[in-house]
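To start, the structure itself, in structure tokens.
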Amino acid sequence: MDFSFLKPVDLWFWFFFIISFIIIVYTLIFIKNHSEIKFLIILRSITFLIFTFLLLKPKFSWTQYNYNNLDWNLYIDNSVSISYHPLLSFQTIKSELEQIIYSIIKKDAFYNLFSFSGNIKKIKNTESFDSSGSSTDIGKVLNHIELNQDNLAGAVIISDGQNNNGINPKSLIKNIKVPVYTLGIGETKPLIDLSIESVDAPTVAVKGENVNIKATINSYGNLDEKVNVVLYSGKKMIGSKFLNISGQGSRNEARFIFTPLNLGENEYIVKVSSLSEEINIDNNQQKFLISVLKDHYKVALITGAPSFNTIVIKEYITNFPRVELDHYVLSNNGYTPSLKLFWSTPYQLIIFDNYPIDVLKSKTQKIYSKKITSEKASLLWIIGQNITSESAQSLTPFFHLDYVDENINSDKNSWYFTEDIINSSIIQGSLTNQKSNFADIFPPITTPYKFNAKHKKVNPIAYHESDEVIPVIFMGDVKNIRSIVWTSNDFSTVKYNISSNNNFRDIWSNLFSWLLKTGGDRNLYFRLNKESYQQGEEILITGSSIQDNLSINNQAFITIMHDSMEVNSFELRFNPESNRWEGNFWAPKPGNYNYKIVINDGSSEPMEQIGKFIVEKSQIELNQVSLNLPLLTNISNGTGAEYYSWESRSVLVDKIKSVKSKTRIDKSVVLSENKWVMIILIILLTIEWVFRKRIGLP
């Protein structure tokens, strides 16, 4: 124990000390004949001396030692790969872990038990150890040890060391001040796994033109094999390649060239042959879709009498990609060019413009019926001012319509699209479903005749706003023959209206796409590289458009949504070499996701495409199932500990002992600030006061 004064002895101290001494001596001499107050004077003197002594702030200092039990932290790898090591079953590992913990308890060592994969979780015993983690993050374990190392005797990491998530553990070892022992699970020889990492394929192709496919195959383990990579269209094999696989995380590419023949959305599958020792064959195949379009579309426009509508129809259809238009116009000398060319040429779309102005003969109707049925041609009818009720009725059978009556009250009225067509993929977000907005967008129009649909697959998609039910547009798909009827004379009026120009053009672009069956009924052809992913896996996006004017100057964005909530949104890059947009992001947590891709060219309404994908529980752990001995050894050596194989686990248990920490605590007390000194002074003053009262002093 040490004693010291915080305040040095100065003149003021000696002044009070001398004065106090003189007063005490004088008082003792004065009362030598008054023995009854001698005790009172002694008490007063003691109190006075204590006050004088406290002026120097005396301090007592001493050292005290505390002994605490230090913990051992045990971290057990709970990732999927733990249960796939061939020489150790999961139940064996779990049983031996229970024995390790039991031995530690018998030695009276204090321990904390944790399981880890992507995160660290404290557990009471091995019952919750189920080898279900989707990744391994040893960096988080080392961070956890660093945060708690002041209370640790050491730590034990039980793992195969296959770190595939988080920070590189090697950069964290230097911060650890306690020994970290490692216990390895498995063999250093990696297990075998083949997987198709990605398939690079166009999202849209033209029938008859070559398509290039590139499949990237990853291989793990000690391999020197020849495997077969096969490309299927449905059940039909359309390509096969042999690859020499070397393993060790290497990548090989298989390239295919083929010519698609089937129009529409085609599904293809790339498969790589599985090996006998492979642990995961779910990733040995991958399917993808390609929308195959016609190399050109033959369209016939038959005009009974030219009008302003004719100009607009030709403008809309010729702006559609890969369209070859044959225009037949009725004149005094018959049709120019002759209809003989029309009857002999197959068409994908036949447009009737202000036609027929005369009632069709029965023979002509039969020829039309035969041609439309054999060619499965789509039909579009734009009513014109020269059509009579009688001539109209001769064409309605091809559109599955009934003529009802002439619209006597033919005043111009506002009109609107139905909610069903607005919400369909055909319109592609060109309109909202707020009726009140349509009057602001589209001008009023007239409908000279009333029609009713007589087939359940023919439905009105636009109506007049009136007391009567008057359809403006019919849309049907009967026996694979698609049809649209516009029942107003004012087709060009809507087009030339400033507020409706862009909307009307975009709507008809989508309707033409539907009539021509361009595949997917859309202008955008974007695709993710797969439909299903594992959590943490890279998702690749590629895409293009049938719009020839889209280029690097446009902007493309993708938005990812889960349960109607936006998860992520970012811009896609345009690659001028491949003439397509590209992007990538990482698969989020497991679940079902929707995505929306938007392209904006800065002049017209943005084009949109929607889709969905699935994220499953990660199996990335199975890509590398082996003992990562260098990492585990590096962790132990870098912290002054040792690495032990699974067979030497009993030696590791001997290292785990009860350890106490000796903590030095320096304590001190300043008497002038101590409450007990103050209490003693109060007691002395109280005794003096009581004694004075007893002897009759004031």
Side-chain angles (χ1 to χ4, degrees), residues 70-82 84-85 93 112-122 131 133-191 193 218-222 247-251 534-538 586 618-649 651-652 655-656:
L70 293 177
D71 295 338
W72 286 85
N73 278 4
L74 275 66
Y75 300 91
I76 303 174
D77 191 341
N78 194 41
S79 61
V80 171
S81 63
I82 293 298
Y84 279 86
H85 291 277
I93 295 173
N112 299 306
L113 189 61
F114 300 89
S115 68
F116 74 93
S117 56
N119 293 300
I120 299 174
K121 179 182 179 182
K122 189 171 184 178
S131 182
S134 59
S135 61
T136 303
D137 191 347
I138 296 179
K140 282 189 177 178
V141 175
L142 296 179
N143 276 328
H144 191 267
I145 294 172
E146 180 186 354
L147 291 173
N148 297 276
Q149 60 186 354
D150 292 341
N151 300 316
L152 296 179
V156 179
I157 299 177
I158 305 171
S159 172
D160 59 9
Q162 288 299 342
N163 188 73
N164 51 37
N165 195 15
I167 302 173
N168 188 345
K170 294 181 181 180
S171 64
L172 303 173
I173 297 173
K174 61 183 179 181
N175 301 324
I176 308 297
K177 307 302 180 185
V178 296
V180 179
Y181 294 91
T182 52
L183 179 61
I185 297 176
E187 299 294 325
T188 55
K189 179 182 177 181
L191 294 187
D193 185 42
N218 282 354
S219 58
Y220 296 93
N222 295 328
Q248 309 300 332
S250 63
R251 294 182 177 182
Q534 300 171 25
Q535 184 178 4
E537 186 178 358
E538 186 179 18
W586 303 100
S618 178
Q619 298 293 311
I620 294 176
E621 281 282 316
L622 300 185
N623 289 343
Q624 298 185 55
V625 180
S626 62
L627 176 63
N628 189 353
L629 181 59
L631 175 61
L632 297 180
T633 303
N634 193 20
I635 291 173
S636 294
N637 293 344
T639 58
E642 297 176 68
Y643 164 80
Y644 293 94
S645 65
W646 185 256
E647 292 74 16
S648 303
R649 57 189 177 278
V651 181
L652 171 61
K655 297 286 185 178
I656 302 175

With sequence neighbours excluded, residues passing side chain to side chain donor-acceptor pair (under 3.5 Å) with [X]:
X      : result
Asp71  : Asn112
Ser219 : Ser250
Tyr643 : none
Asn119 : Lys140

Worksheet item: Which heavy atom of Lys655 sits nearest a heavy atom of Tyr644, and at what distance?
Response: CE-OH, 3.1 Å
Worksheet item: Looking only at heavy atoms, what is the nearest atom pair of Leu172 and Gly139, with distance?
Response: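 Scanning both residues, the minimum pair turns out to be CD1-O, 3.4 Å.
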Worksheet entry | Set of salt bridge (charged side-chain N to carboxylate O under 4.0 Å, His left out) partners for Lys177, sequence neighbours left out | none
Worksheet entry | Leu142 and Asn175, any side-chain heavy atoms less than 4.5 Å apart |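 Asn175 does not reach Leu142 side chain to side chain.
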Discussion item. A side-chain contact here means heavy atoms from C-beta on lying under 4.5 Å apart; do Phe116 and Asp77 qualify?
Written reply: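 Sidechains of Asp77 and Phe116: in contact.
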Worksheet entry | Counterpart residues, side-chain contact (heavy atoms from CB on, under 4.5 Å), relative to Leu70 (two or more places apart) |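 So Leu70 forms a side-chain contact (heavy atoms from CB on, under 4.5 Å) with Ala153, Val659, Ser661.
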Practice prompt. Can you sort out the partners of Ala641 under side-chain contact (heavy atoms from CB on, under 4.5 Å), two or more places apart, ordered by chain and number?
Written response: Pro179, Tyr181, Ser636, Thr639
Item to complete: Run through Asn637, Ile145, Ile173, Val141 and flag the one making a side chain to side chain contact (heavy atoms under 4.5 Å, CB included) with Val180.
Response: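 The option that passes is Ile145.
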Worksheet item: What pairs meet the side chain to side chain donor-acceptor pair (under 3.5 Å) rule with one or both residues in residues 143-157, with sequence neighbours excluded?
Response: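 Matches after skipping sequence neighbours: Tyr75-His144.
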Practice prompt. For the pair Asn218 (side chain) and Arg251 (backbone), establish whether a donor and an acceptor sit closer than 3.5 Å, ignoring hydrogens and angles.
Written response: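 Pair absent, no side-chain N/O of Asn218 close to backbone of Arg251.
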Discussion item. Checking side chain to side chain donor-acceptor pair (under 3.5 Å) between Ser79 and each of Asn163, Thr136, Asp137, which is the one that passes?
Written reply: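 The residue from Asn163, Thr136, Asp137 that satisfies side chain to side chain donor-acceptor pair (under 3.5 Å) with Ser79 turns out to be Thr136.
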